[in-house]
Amino acid sequence: MKVVMLGAPGAGKGTQAKMIAEKYGLPHISTGDIFRANIKGGTALGVEAKKYIDAGQLVPDELTVKILLDRVSQPDCEKGYVLDGYPRTIPQAEVLEKALQERNEQVDFAIDVNVADENIVNRMSGRRACLKCGGTYHLVHIPPKVEGICDACGSELILRDDDKPETVLKRLNVYHEQTQPLIDFYQARGVLRTVDGAKDKNEVFADIVAILG
Ligand code: ADP
Ligand code: AMP
């Protein structure tokens, strides 16, 4: 099963993608996590990506597409995967579609996690992230058991530079301009499903499980 998570930055894509991945035994692939690991490791890709990420812009398609295609060609992706944060542009979706068509495959579900813009800034300023395992928490809504420490791996949690309010507003604009058109793209292919991302995370997950079966 191949699942694409759609939604604004901070809608809860990563939170739900992790839960889906665990329940259905699929790899969770976050292009944002891959970029952050490269930034942390000081790779050439990380240095390049950081310029865009810190500015609230998208990393150029040429770079992003290559990373994604490399990742989904790994053996653990044979039975499917959950994509979180990819595609973010129509050209990215077209590249994925073409790669899948060559194997007679397709995206099975594109889940749009729908959250109003007014709620996004609050979600992002309260987000605390684990750079080691990709765990995501919220100071108020989804706090870790021990303040500042990741439940899953014990590492320190951080406020991402790109989650500061001024950058969040830029990212929201970029989302509306470049990523939201993917809703129509997947609707036209008959695989779009929408869930109300303003609900509690377990309720959102129950709605997703009802869709995925
Ligand atoms: P995305 O991957 O779409 O950018 P995240 O999954 O990282 O979003 O979630 C953004 C923030 O909102 C995080 O702090 C997360 O803990 C919190 N969050 C996620 N889902 C919910 C929810 N249903 N209700 C309240 N807060 C949530
Ligand atoms: P995320 O962790 O999904 O919130 O992504 C963090 C940042 O990484 C985004 O704001 C972009 O700058 C960059 N990024 C992640 N995925 C993509 C993508 N598919 N295309 C372009 N940029 C991306």
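Ligands are counted one by one from 1 in listed order, and the atoms in each one are counted from 1 as well. The structure displayed is predicted, hence computed values, not measured ones.
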Exercise for the section: For Arg71 and Asp76, run salt bridge (charged side-chain N to carboxylate O under 4.0 Å, His left out): C-alpha distance rounded to whole Å, both residues' side-chain angles, the deciding distance at 0.1 Å, then the answer. Expected result: CA-CA 9 Å; Arg71 180 64 189 90; Asp76 66 327; 2.8 Å; yes

How far is [atom] from its nearest protein heavy atom, and which residue and atom is that?
atom: atom 2 (O) of ligand 1; result: Gly14 N, 2.8 Å
atom: atom 19 (N) of ligand 2; result: Gly85 O, 2.8 Å
atom: atom 11 (C) of ligand 2; result: Gln57 O, 3.6 Å
atom: atom 18 (N) of ligand 1; result: Ile142 CD1, 3.7 Å
atom: atom 19 (C) of ligand 1; result: Thr15 OG1, 3.4 Å
atom: atom 24 (N) of ligand 1; result: Arg123 NH2, 3.4 Å
atom: atom 22 (N) of ligand 2; result: Val59 N, 3.0 Å
atom: atom 10 (C) of ligand 1; result: Gly10 O, 3.5 Å
atom: atom 14 (O) of ligand 1; result: Tyr137 O, 2.7 Å
atom: atom 23 (C) of ligand 2; result: Phe35 CE1, 3.8 Å
atom: atom 8 (O) of ligand 1; result: Gly12 N, 3.2 Å
atom: atom 23 (N) of ligand 1; result: Lys199 O, 2.7 Å
atom: atom 10 (O) of ligand 2; result: Arg171 NE, 3.5 Å
atom: atom 5 (O) of ligand 2; result: Arg88 NH2, 3.6 Å

Handout entry: Which atom of Tyr137 lies closest to which atom of Ala152, heavy atoms considered
Key =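 Scanning both residues completely, I find the closest heavy atoms to be OH-N, 3.6 Å.
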
Practice task
Please report the closest heavy-atom contact between Gly134 and Asp33, naming both atoms and the distance.
Solution key: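 What the structure gives for the nearest pair is CA-OD2, 3.9 Å.
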
Handout entry: Any N or O of Arg128 closer than 3.5 Å to N or O of ligand 1
Key =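 No; every N/O pair is 3.5 Å or more apart.
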
Problem - N or O contact, Ala11 vs ligand 1, cut-off under 3.5 Å - result: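 Among all N and O atoms of Ala11, at least one is under 3.5 Å from an N or O of ligand 1.
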
What part of [X] sits under 4.0 Å from ligand 1 if we count only heavy atoms: the side chain, the backbone, both or neither?
X: His141; value: side chain
X: Ala8; value: backbone
X: Asp200; value: backbone

Exercise for the section: In plain terms, say whether Asp54 and Lys51 are close enough for a salt bridge, that is, a side-chain N and a carboxylate O under 4.0 Å apart. Expected result: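 No salt bridge links Asp54 with Lys51.
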
Problem - Residues Asp207 and Lys199 bridged, charged N to O under 4.0 Å - result: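 A salt bridge links Asp207 with Lys199.
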
Handout entry: For His138, atoms of ligand 1 separated by under 4.0 Å from a heavy atom
Key =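 Answer for ligand 1: 14 (O), 16 (O), 17 (C).
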
Looking only at distances, please establish whether an N/O atom of ligand 2 is found under 3.5 Å from an N/O atom of [X].
X: Ser30; answer: no
X: Gln92; answer: yes
X: Thr31; answer: yes
X: Arg160; answer: yes

Regarding [X] and [Y], do their side chains bring together a donor and an acceptor under 3.5 Å, going by distance alone?
X: Asn38; Y: Thr43; value: yes
X: Asp200; Y: His141; value: no
X: Thr167; Y: Asp162; value: no

Problem - Gly7 near ligand 1 by a heavy-atom separation under 4.0 Å - result: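 In this structure, Gly7 fails to qualify as a contact of ligand 1 - no heavy atom is under 4.0 Å.
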
Problem - Residue pair Asp61, Thr89: steps toward the side-chain hydrogen bond (donor to acceptor under 3.5 Å, both in side chains) verdict - result: CA-CA 8 Å; Asp61 285 345; Thr89 64; 3.2 Å; yes

Exercise for the section: Pick out which of Ile29, Leu100, Ile67 makes a side chain to side chain contact (heavy atoms under 4.5 Å, CB included) with Val72. Expected result: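 With Val72 as partner, Ile29, Leu100, Ile67 yield a single side chain to side chain contact (heavy atoms under 4.5 Å, CB included), made by Ile29.
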
Exercise for the section: Taking only heavy atoms of Gly32 into account, list the atoms of ligand 2 that are under 4.0 Å away from them. Expected result: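 Going through ligand 2 atom by atom, the ones under 4.0 Å from Gly32 are 2 (O), 5 (O), 15 (C), 16 (N).
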
Problem - Atom indices of ligand 2, in the order listed, that fall short of 4.0 Å to a heavy atom of Thr64 - result: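 That gives atoms 18 (C), 19 (N), 20 (N), 21 (C) of ligand 2.
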
Check: [Y] and [X] side chains under 4.5 Å, non-hydrogen atoms:
X: Leu212; Y: Met1; value: yes
X: Phe205; Y: Lys23; value: yes
X: Val95; Y: Tyr86; value: yes
X: Asp196; Y: Val204; value: no

Flag yes if more than 12 heavy atoms outside [X] fall under 6.0 Å of its [atom1] atom; otherwise flag no.
X: Glu147; atom1: CD; answer: no
X: Gln180; atom1: CD; answer: yes
X: Glu105; atom1: CD; answer: yes

Handout entry: Whether Lys13 lies under 4.0 Å from ligand 2, heavy atom
Key =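 No, Lys13 has no heavy atom closer than 4.0 Å to ligand 2.
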
Exercise for the section: Could you name the option among Leu63, Ile53, Asp163 that has the heavy atom nearest to atom 7 (C) of ligand 2? Expected result: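 The option holding the nearest heavy atom is Ile53.
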
